[in-house]
Amino acid sequence: MKNKTIVLLLAASGAVFSPLSFGQQRAAGPIVVQGAMPVEAERFAQRLENPREEQVGGWRFWHGTVDGYPVVVSETLKGMSNAAAATAIAATRFHPVAIINQGTAGGHDPALKVYDIVLGKYSVNLGAFKTPAKAQGEGSDSRQWRPMDLLASKGSAGEDKNAHSIRQFPADGPLLAIAESVKGRYKQGRVVEGVIGSADVWNSELDRIRYFRDSYHTSVEEMETASAAQIAAAFNIPFVGIRVLSNNITNQGKYDPQTGLACQDYVYQVVKAYVARAAAK
């Protein structure tokens, strides 16, 4: 392979990485592809060239290559804490050049159908809120809860008046563009940009879902992307979330577990496009 150069732009900060040859980029670190459950990770791992499995604590990782480029598939396990821990392990142990968090999600947007894919232009934490003061017997209304930005200050998030806004974690611009570039190859549904909401909560109240969509423009909800994005940002690692709708209660879209396989197939094309673009520069 001829010696080619690659320049990655980190859109969130405007930083420019130093030019690296394709061989140097490979030596610098892999692409990490995350999936929470076996049905969201094992299909991609099976497509790796020369795969090797590694166990780190409770988390599984598969090392291999795609078109000769190093890739690590990470089974993060479900939930915000597991996803954050798996991302920190990947960041410190493997020093990735990019992280793609992918898998299934429930729909918030009635216009989206099962098998549609959302490219996360942003992800947001839907589990950090402060409730208003109410006396016993006054009840509870989650639509009155105020979001808390846990990164806003080093003081008490509950008392800091500047903390009451939702934190958006933007996707890396070049990664998002690469993900967009292959959407014409996906034939099982639409591929759109949107907002991914994450929390250790399974929301089935349509009024609550409508509140999230109206307030934070969420397209889907799941339990990992925003926490992985937060940790990736702390390590300055380019990141994008990609989620397929496995169900959508806003339009009676029934759950289909095979959607997790479809998403991995799409992300495999994203990784191949990333590798091809890196080799061509």
Kindly determine whether Asp141 and Lys134 satisfy salt bridge (Lys or Arg N to Asp or Glu O under 4.0 Å), including the steps that lead there. CA-CA 10 Å; Asp141 182 352; Lys134 286 179 178 285; over 6 Å; no
Would you say Asp256's side chain and Tyr115's backbone share a donor-acceptor pair under 3.5 angstrom? no
What distance do Arg143 atom CZ and Arg210 atom CZ have between them, rounded to the nearest 0.5 Å? 11.0 Å
Taking all atoms of both residues into account, what is the closest heavy-atom pair of Ala41 and Gly35, and its distance? CB-O, 4.1 Å
Between Ile166 and Asp149, does the side chain to side chain contact (heavy atoms under 4.5 Å, CB included) criterion hold? Intermediate values first, please. CA-CA 6 Å; Ile166 202 158; Asp149 180 359; over 6 Å; no
How long is the straight-line distance from CZ of Arg146 back to OG of Ser215, given to the nearest 0.5 Å? 13.0 Å
I'd like to know if Tyr186 and Val114 are part of one continuous hydrophobic network [Ile/Leu/Val/Met/Phe/Trp/Tyr, side-chain heavy atoms within less than 4.5 Å]. yes
Minimal non-hydrogen separation, Pro30 against His95, with atom names: CD-O, 4.1 Å
What's the shortest heavy-atom distance between Ala111 and Asp116, and which atoms? O-OD2, 4.4 Å
Looking at Tyr211, is its backbone amide N or carbonyl O close enough to the side chain of Asp214 to form a donor-acceptor pair, meaning the two atoms are under 3.5 Å apart? no
Locate the shortest heavy-atom distance separating Ala88 from Ile231; write the atom from each residue and the value. N-CG2, 3.8 Å
Indicate yes or no: at least one non-hydrogen side-chain atom of Tyr122 is less than 4.5 angstrom from one of Ile196. no
Just so I know, are the side chains of Phe239 and Phe169 near enough to count as touching, which here means a heavy-atom distance under 4.5 Å? no
A cation-pi test, strictly: NZ or CZ of Arg190 under 6.0 Å from the centre of the six-membered ring of Tyr266 and no more than 45 degrees from its axis. Yes or no? no
If you define the side chain from C-beta out and look only at heavy atoms, does anything of Met148 sit under 4.5 Å from Leu150? yes
Can you tell whether the side chains of Asp200 and Lys78 come within less than 4.0 Å, N to carboxylate O? no
Ile178 side chain near Val270 side chain, heavy-atom distance below 4.5 Å: yes
Hey, can you tell me if Phe44 and Tyr268 have their rings parallel, tilted or perpendicular (30° and 60° cut-offs)? perpendicular
Give a yes or no answer on whether the side chain of Gln264 reaches the backbone of Gly260 with a donor-acceptor pair at less than 3.5 Å. yes
Membership question, hydrophobic clusters at under 4.5 Å side-chain separation (ILVMFWY): are Val56 and Val32 in the same one? yes
If you compare all heavy atoms of Pro110 against all heavy atoms of Thr250, which two are closest, and at what distance to 0.1 Å? CA-OG1, 3.3 Å
For a 4.5 angstrom cut-off between non-hydrogen side-chain atoms, does Arg167 reach Asn125? no
Could you walk me through whether Leu245 and Val220 pass the side chain to side chain contact (heavy atoms under 4.5 Å, CB included) test, one step at a time? CA-CA 7 Å; Leu245 273 77; Val220 292; 3.4 Å; yes
Aromatic plane relationship, Trp145 with Phe129 - under 30° parallel, 30 to 60° tilted, over 60° perpendicular: tilted
Would you give the length of the straight line joining atom NZ of Lys254 to atom OG of Ser246, rounded to the nearest 0.5 angstrom? 14.5 Å
Tell me whether Val244 is reachable from Leu261 by hopping between hydrophobic residues (I, L, V, M, F, W, Y) whose side-chain heavy atoms are closer than 4.5 Å. no
Is there a side-chain contact between His217 and Val124 in this structure, where contact means two heavy atoms from C-beta onward sitting under 4.5 Å apart? no
Quick one: side-chain hydrogen bond (donor to acceptor under 3.5 Å, both in side chains) pairs with a partner in residues 51-62, sequence neighbours left out? Glu42-Arg60, Glu53-Trp62, Glu54-His63, Glu54-Arg93, Arg60-Glu75
Stepwise, does the side chain to side chain contact (heavy atoms under 4.5 Å, CB included) test hold for Val271 with Val33? CA-CA 9 Å; Val271 171; Val33 176; 3.9 Å; yes
Heavy-atom pair of closest approach, residues Glu138 and Ala133: OE1-O, 4.5 Å
Quick check: do Trp202 and Met223 have side-chain heavy atoms less than 4.5 Å from each other? yes
Please walk me through it: do Thr76 and Asn82 pass side chain to side chain contact (heavy atoms under 4.5 Å, CB included)? CA-CA 6 Å; Thr76 67; Asn82 276 321; 5.5 Å; no
Establish whether Met37 and Leu77 are linked, either directly or via other cluster members, by ILVMFWY side-chain heavy-atom contacts under 4.5 Å. no
Same cluster for Leu206 and Tyr216 if Ile/Leu/Val/Met/Phe/Trp/Tyr side chains link at under 4.5 Å? no
Glu49: side chain to side chain donor-acceptor pair (under 3.5 Å) partners, not counting sequence neighbours: Thr65
Distance-only check: which donor-acceptor pairs under 3.5 Å involve side-chain atoms of residues 96-108, not counting sequence neighbours?
residue, atom, partner, partner atom, Å
Asn101, OD1, Thr225, OG1, 3.1
Asn101, OD1, Arg243, NH2, 2.6
Asn101, ND2, Gln34, OE1, 2.9
Gln102, NE2, Gln34, O, 3.0
Gln102, NE2, Glu40, O, 2.7
Thr104, OG1, Glu40, OE2, 2.7
His108, ND1, Thr218, OG1, 2.7
His108, NE2, Glu221, OE1, 2.9

How long is the span from the NZ atom in Lys121 to the CD atom in Gln168, to the nearest 0.5 Å? 9.5 Å
First locate atom CG of Asn203, then atom CZ of Phe212, and finally report the distance between them rounded to the nearest 0.5 Å. 5.0 Å
Can you find a heavy atom in the side chain of Ile209 that is under 4.5 Å from one in the side chain of Ile249? yes
Within the distance-only criterion (no hydrogens, no angle test), does the side chain of Ser227 pair as donor or acceptor with the backbone N or O of Met80 below 3.5 angstrom? yes
Separation of Asn251 CG from Asp109 CG (nearest 0.5 Å): 8.5 Å
